[in-house]
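The structure appears right after this line, and notes come after that.
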Amino acid sequence: TSQVIMASLLAFPCLLVLFFFQNLRSVDSTCVRQSNCACKNDDGRGIVNLTLVAIHQKTQAARFMSEKDSNGSVFHYNPCSPFTEYGSDHSSNVCTPTNDVAVCQVHDNILYNAGKQNTATFSGISSDDSVRVVYTSSVSGGSTKTTTIKLHCDESKYPGVLTSSGEYPANNYRLILSSKCCCPNACQKAPSGNSSGGGLSAGSILLIVFFVLVVVYFVGGVLYLKFARGAEGVELVPNRTFWGSLPGLIKDGVLFLIGKCRGTESTAAQYEKI
């Protein structure tokens, strides 16, 4: 019994130390802002990049829309680019790129700018390993709306799902974006066709080089034969004899392969040997 008590007394300080360092990591670990929609974890876990999920087939459009929450509000969100959202009268002068909107709240068919792109602030990594991004926006009457979005890592969701956790206290909104791209280093490459993707593929480069060489070969050959040898007409074609015999050579090669596959002799092998 005394040994059990002694072991418990020794284990208790160790548990306290582990608890302290775990909470210290949660408090001290931060995600350093790289852009409006990307941050880099300073504990080495990598970059959370929302660029891919922010791209919409329509320009200046929200990427995510939440279901109506218990307060009757719907939120539209684009983590990277300001967008335009229209009210019930199909007009908008609140949620627009001019107002740098990141989060647009729709309540009773009235639009509110609930957060601007340039106010994006990434908070420290919480105990559940989620990063939070906070947006603010000043509204009429001198009050400020604040929207906190929890970036929940969920590899099963792409582009993602936006949900509202309600408003508390007043003018403070809690949203959750569940997406594969909320996981560190999960979405680093730009999509195919995106202007930021950049560059030609290796195959495209090889094709360009090939056709350039073909053009140089024929144009250079024609010029050489005309001015250096005084050739005219069909004699201007470089290596005319080779190109003339090429179709026959291709035919013989195809027949040879077919003959090998069928186990029969090719046409050339049927001639009598001298």
Side-chain angles (χ1 to χ4, degrees), residues 30-40 47-69 71-126 130-152 159-179 181-182 187 194-196:
T30 58
C31 202
V32 181
R33 173 175 169 153
Q34 305 291 301
S35 66
N36 285 355
C37 50
C39 68
K40 183 176 182 180
I47 296 175
V48 175
N49 191 342
L50 301 178
T51 303
L52 294 190
V53 295
I55 296 172
H56 197 282
Q57 60 183 356
K58 296 180 180 179
T59 58
Q60 296 183 344
R63 190 64 177 94
F64 300 100
M65 183 179 73
S66 70
E67 297 289 340
K68 185 178 290 187
D69 63 17
N71 295 323
S73 292
V74 173
F75 293 88
H76 301 260
Y77 176 50
N78 190 312
C80 294
S81 303
F83 57 91
T84 300
E85 191 62 40
Y86 296 96
S88 57
D89 59 352
H90 301 289
S91 63
S92 178
N93 58 2
V94 176
C95 296
T96 63
T98 304
N99 293 322
D100 198 33
V101 64
V103 183
C104 182
Q105 177 194 15
V106 182
H107 185 76
D108 292 337
N109 292 324
I110 300 175
L111 275 60
Y112 302 91
N113 188 336
K116 296 185 176 182
Q117 292 284 349
N118 63 5
T119 65
T121 303
F122 294 90
S123 64
I125 302 169
S126 62
S130 296
V131 174
R132 284 166 171 76
V133 57
V134 181
Y135 302 92
T136 59
S137 177
S138 299
V139 294
S140 59
S143 60
T144 299
K145 286 183 177 289
T146 302
T147 302
T148 302
I149 301 180
K150 175 183 175 181
L151 305 181
H152 175 60
V161 176
L162 183 69
T163 55
S164 172
S165 301
E167 176 185 3
Y168 50 93
N171 289 330
N172 285 264
Y173 309 101
R174 304 285 191 275
L175 305 177
I176 301 174
L177 176 61
S178 300
S179 171
C181 290
C182 293
C187 298
N194 185 32
S195 60
S196 62

*Leu50 and Cys181, any side-chain heavy atoms less than 4.5 Å apart*: yes
*Rounded to the nearest 0.5 Å, how far does CD of Glu85 lie from CG of Asn78?*
11.0 Å
*Step by step, work out the side-chain contact (heavy atoms from CB on, under 4.5 Å) result for Cys182 and His152.*
CA-CA 6 Å; Cys182 293; His152 175 60; 5.7 Å; no
_Check: Ser179 side chain, Pro159 main-chain N or O, donor-acceptor pair, under 3.5 Å_ = yes
*asked:* Can you see whether Tyr168 has Arg174 sitting over its ring - NZ or CZ less than 6.0 Å from the centre and within 45° of the normal?
replied: yes
*Apply the test side-chain contact (heavy atoms from CB on, under 4.5 Å) to residues Tyr135 and Ile149: give CA-CA distance (whole Å), side-chain angles for both, the deciding distance (0.1 Å), then the verdict.*
CA-CA 8 Å; Tyr135 302 92; Ile149 301 180; 3.9 Å; yes
*Gap separating the CG atom of Asp100 from the SG atom of Cys95, nearest 0.5 angstrom*: 11.5 Å
*Kindly compute the distance separating OG (Ser164) from CE (Met65), expressed to the nearest 0.5 Å.*
13.0 Å
*Decide whether Tyr173 and Lys145 meet the rule of one side-chain donor and one side-chain acceptor closer than 3.5 Å.*
yes
*Before giving the answer on side-chain contact (heavy atoms from CB on, under 4.5 Å), spell out for Leu175 and Thr148 the whole-Å C-alpha distance, their side-chain angles and the decisive distance to 0.1 Å.*
CA-CA 6 Å; Leu175 305 177; Thr148 302; over 6 Å; no
*Are Ser66 and Thr163 close enough, and set up right, to give a side-chain contact (heavy atoms from CB on, under 4.5 Å), and what steps lead you there?*
CA-CA 5 Å; Ser66 70; Thr163 55; 5.7 Å; no
*What's the shortest heavy-atom distance between Pro82 and Pro97, and which atoms?*
CB-CA, 3.6 Å
*Just how far is it from atom CD of Glu67 to atom CG of Leu162, taken to the nearest 0.5 Å?*
10.0 Å
*To the nearest 0.5 Å, what is the distance between CD (Gln34) and NZ (Lys40)?*
6.5 Å
*asked:* Would you say that Phe122 contacts Val32 through its side chain, given a criterion of any heavy-atom pair below 4.5 Å between the two side chains?
replied: no
*Counting distance only, does the side-chain N/O of Asp69 pair as donor-acceptor with the main-chain N or O of Ser73 below 3.5 Å?*
yes
*List for me each residue that meets side-chain contact (heavy atoms from CB on, under 4.5 Å) alongside Asn113, sequence neighbours excluded, and say none if there are none.*
Val94, Asn99, Val101, Lys116, Ser137
*Test item: Cys104 and Tyr77 side chains (from C-beta on) under 4.5 Å apart, heavy atoms*: no
*Please examine the side chains of Leu177 and Val161, heavy atoms only from C-beta on, and report whether any two atoms are closer than 4.5 Å.*
no
_Given 3.5 Å as the limit, does a donor-acceptor pair link the side chain of Glu167 with the main chain of Asn171, or not?_
yes
*Heavy atoms, side chains only, cut-off 4.5 Å: are Arg33 and Thr121 in contact?*
no
*Within a strict 4.5 Å, meaning less than it, do heavy atoms of the Leu151 and Arg132 side chains meet?*
no
*side chain to side chain donor-acceptor pair (under 3.5 Å) between Thr51 and Asn49, intermediate numbers included*: CA-CA 6 Å; Thr51 303; Asn49 191 342; 2.5 Å; yes
*Residue pair Val133 / Ala120: nearest heavy atoms and the distance that separates them*: CG2-CB, 4.1 Å
*Side-chain contact, heavy-atom cut-off 4.5 Å: Val134 with Thr147?*
no
*asked:* A side-chain contact here means heavy atoms from C-beta on lying under 4.5 Å apart; do His76 and Phe64 qualify?
replied: no
_Heavy-atom donor-acceptor pair, Gln117 side chain to Ser81 backbone, under 3.5 Å_ = yes
